[in-house]
Peer 1: 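Can you keep this structure in mind? I'll have questions shortly.
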2 protein chains.
Amino acid sequence: MARTKKEISNEDGRRGEIVRAAAKLFRDKGYDGASMRAIANSVGMQCGSPFYHFASKQDILVAVVEEGLRQGLEKTRAVVDPNLDGIEQFRRLVQVHLSIILEDGNDFIPVMLYNWRCLDDAHQRRLIATKDEYDRIWQAAIDKLYADGVLTKAPKFARLMILGAMNFMVTWYKPRLGGDLHAMSNEVVGFFLGQAQEVA
Amino acid sequence: MARTKKEISNEDGRRGEIVRAAAKLFRDKGYDGASMRAIANSVGMQCGSPFYHFASKQDILVAVVEEGLRQGLEKTRAVVDPNLDGIEQFRRLVQVHLSIILEDGNDFIPVMLYNWRCLDDAHQRRLIATKDEYDRIWQAAIDKLYADGVLTKAPKFARLMILGAMNFMVTWYKPRLGGDLHAMSNEVVGFFLGQAQEVA
DNA sequence: CCTACCGATCGGTAGG
DNA sequence: CCTACCGATCGGTAGG
């Protein structure tokens, strides 16, 4: 059976192993710091073998970023619900974003955030459309907080500050015993929305 | 005359040119992505010549980070004044931090922020003491805002969010014609402190 | 600070 | 997917 579009984007099998191993190495050492040999060896292959699955190292990076955007957009859309009140919608977006960038094994989006310049211009241009879709979801949620009076400052700038503060957590957050991501989400929500609302 | 400590930390002369050129290249292409040849050529040297001034590429990175911390701490201390009210102190810290990370030619701290893992463990351990000094200044200013009731959430977490949001601006901020860094500072201050205070 | 060069490692390929 | 290999480039050095 031919490889369907869904299977490709799910990155199953050996190819998927390479994508996941590369994501971890790109995150730890950066795109230039992670060699094809290191990627191959981390999945038990010889140095030339990943080129059976990918035409180039660049294409592996593209696959990592595409998989990150696909998973991220899927998880994010799953918590969007126009019936929620603004604060609860925001809380869910924060929780899911922190899991996307901080949870163990979720290396795709951190690689995208911190290796974006390693993508060829053409790939950047193509992938930015999906990034924009991600931003639109956040912007809509923040606009609603603004309309409700929970946030009072320019909502576009608010989105950049809030997502920036979270994205920079990649550089300092160290997971502790017992999933404290939920606690972290509450701290983030509490900080940006003030003390008006109780934490779940 | 022997090179004094002050002259070393000021990075004057040819050595200083290498440090500044390397900072720019490290910022644009990353530590691993910027070759010694590229650094040498960007100051009109041949590929082996930087090694007359530095023992290794790693030592250039160390010099970049040290120069960034030295300049950053100097500029930051210059705006610290215990007689200022909390909000005005915060505003000045934001302004100086944005100039440190976003102003044209100030590549040192961005290199530190986004290439920290490229430093050897021993250098990280040594440099972290100066980083901590920087954080202490910020923490004191934020603690005061907390004591004054301007901020109401855990001040340590507040520092991480505020500095994180600013530091991530390195990835998206594009300077426009006519220095808008001052306007940016006002937006940042306005966002984090709410609309209580007027912008200068 | 240049010239000329080193061994190591890089991404990538051909043939099986 | 492995073996064996390629040219290019890397950080770094010796001698002047």
Side-chain angles (χ1 to χ4, degrees), chain A residues 2-3 7-8 11-65 111 115-124, chain B residues 2-3 7-8 11-65 111 115-124:
Chain A
R3 188 185 274 272
E7 278 163 349
I8 289 175
E11 295 293 3
D12 55 347
R14 282 305 252 167
R15 188 186 146 103
E17 288 180 45
I18 296 171
V19 172
R20 285 185 290 276
K24 176 154 290 179
L25 284 162
F26 289 161
R27 179 176 192 164
D28 289 346
K29 311 196 170 220
Y31 177 72
D32 291 310
S35 68
M36 287 299 299
R37 281 161 177 79
I39 294 167
N41 291 340
S42 78
V43 294
M45 284 178 175
Q46 297 303 314
C47 71
S49 301
F51 293 102
Y52 172 75
H53 298 279
F54 294 92
S56 67
K57 186 182 182 184
Q58 173 77 198
D59 283 0
I60 300 182
L61 177 60
V62 170
V64 167
V65 173
V111 167
N115 294 274
W116 182 258
R117 64 171 151 217
C118 298
L119 287 164
D120 294 342
D121 285 352
H123 290 124
Q124 286 188 20
Chain B
R3 189 184 276 270
E7 279 164 347
I8 288 175
E11 296 293 2
D12 54 346
R14 282 305 252 165
R15 188 186 145 102
E17 288 180 46
I18 296 171
V19 172
R20 285 186 289 276
K24 177 153 288 182
L25 283 163
F26 289 161
R27 179 177 191 163
D28 289 344
K29 309 194 171 224
Y31 177 72
D32 291 310
S35 69
M36 287 300 300
R37 281 160 177 80
I39 294 168
N41 292 339
S42 78
V43 293
M45 284 179 176
Q46 297 303 314
C47 71
S49 303
F51 293 102
Y52 172 75
H53 299 278
F54 294 92
S56 67
K57 185 182 182 184
Q58 173 78 196
D59 283 359
I60 300 182
L61 177 61
V62 170
V64 168
V65 173
V111 167
N115 295 274
W116 181 259
R117 65 171 150 214
C118 298
L119 288 164
D120 293 343
D121 286 352
H123 290 124
Q124 285 188 19

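In the text below, chain A, chain B and the rest are named by the order of the sequence lines, each starting its count at 1. For clarity, every value in this text was computed on a predicted model and none was experimentally measured.
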Peer 1: B:Lys29 has an atom NZ; how far is it from atom P of D:dT9, in whole Å?
Peer 2: 13 Å
Peer 1: Sort out the partner of C:dC1 for me: Watson-Crick or G-U wobble, both distances under 3.5 Å, none otherwise.
Peer 2: D:dG16
Peer 1: Please give, in whole Å, the distance from D:dC1 P to A:Asn41 CG?
Peer 2: 14 Å
Peer 1: Given salt bridge (Lys or Arg N to Asp or Glu O under 4.0 Å), test B:Glu17 with B:Arg14 step by step and report yes or no.
Peer 2: CA-CA 5 Å; B:Glu17 288 180 46; B:Arg14 282 305 252 165; 2.8 Å; yes
Peer 1: As a test of reading the structure: which of D:dG12, C:dC1, D:dC1 is closest to the side chain of B:Met45, going by heavy atoms?
Peer 2: C:dC1
Peer 1: In terms of side-chain heavy atoms of B:Gln46, which of C:dC2, C:dC5, D:dC2 is nearest?
Peer 2: C:dC2
Peer 1: Counting any heavy atom closer than 4.0 Å, what does B:Ala34 reach on the DNA or RNA strands: base, sugar-phosphate only, or nothing?
Peer 2: sugar-phosphate
Peer 1: Atom CG of B:Leu61 to atom C1' of D:dG11: distance rounded to whole Å?
Peer 2: 14 Å
Peer 1: Nearest of D:dA4, C:dC1, C:dG11 to any side-chain atom of B:Tyr52?
Peer 2: C:dC1
Peer 1: Using atom NZ of B:Lys57 as one end and atom C1' of C:dT9 as the other, report the distance to the nearest whole Å.
Peer 2: 13 Å
Peer 1: Using a 4.0 Å heavy-atom cut-off, does A:Gly44 contact any base of the nucleic acid, only the sugar-phosphate backbone, or nothing at all?
Peer 2: sugar-phosphate
Peer 1: If you check every side-chain atom of B:His53, which of C:dC1, C:dC5, C:dG12 has the closest atom?
Peer 2: C:dC1
Peer 1: B:Ser49 has a side chain; which of C:dG11, C:dC2, D:dG12 sits nearest to it?
Peer 2: C:dC2
Peer 1: Where the side chain of A:Arg14 is defined as all heavy atoms beyond and including C-beta, which of C:dG12, D:dC1, D:dG12 is the nearest nucleotide?
Peer 2: D:dC1
Peer 1: Send over the distance from A:Ile39 CD1 to C:dC10 P, rounded to a whole Å.
Peer 2: 11 Å
Peer 1: Which whole-number value in Å describes the distance from A:Asp59 CG to C:dG11 P?
Peer 2: 14 Å
Peer 1: At their closest point, which heavy atom of B:Arg15 faces which heavy atom of B:Ala63, and how far apart are they?
Peer 2: NH2-CB, 4.1 Å
Peer 1: Among the candidates C:dC1, D:dG12, C:dG11, find the nucleotide nearest to the side-chain atoms of A:Met36.
Peer 2: C:dG11
Peer 1: Quickly work out the B:Asp32 CG to C:dT9 C1' distance and round it to whole Å.
Peer 2: 13 Å
Peer 1: Tell me if a side-chain donor or acceptor on A:Gln58 pairs with a main-chain N or O of A:Asp120 at a distance below 3.5 Å.
Peer 2: yes
Peer 1: Taking all heavy atoms of B:Asn115 and all of B:Tyr31, pick out the closest pair and write down the distance.
Peer 2: OD1-N, 3.0 Å
Peer 1: Which heavy-atom pair separates A:Val111 from A:Arg27 by the least distance, and what is that distance?
Peer 2: CG2-N, 3.7 Å
Peer 1: Determine: side-chain N/O of B:Arg37 to OP1/OP2 of D:dT9, distance under 4.0 Å, yes or no.
Peer 2: no
Peer 1: Hey, which of these two, A:Gly33 or A:Phe51, hits DNA chain C nearer its 5' end, going by closest nucleotide?
Peer 2: A:Gly33
Peer 1: Starting from C1' on C:dG11, measure out to CD1 on A:Ile60 and report it in whole angstrom.
Peer 2: 10 Å
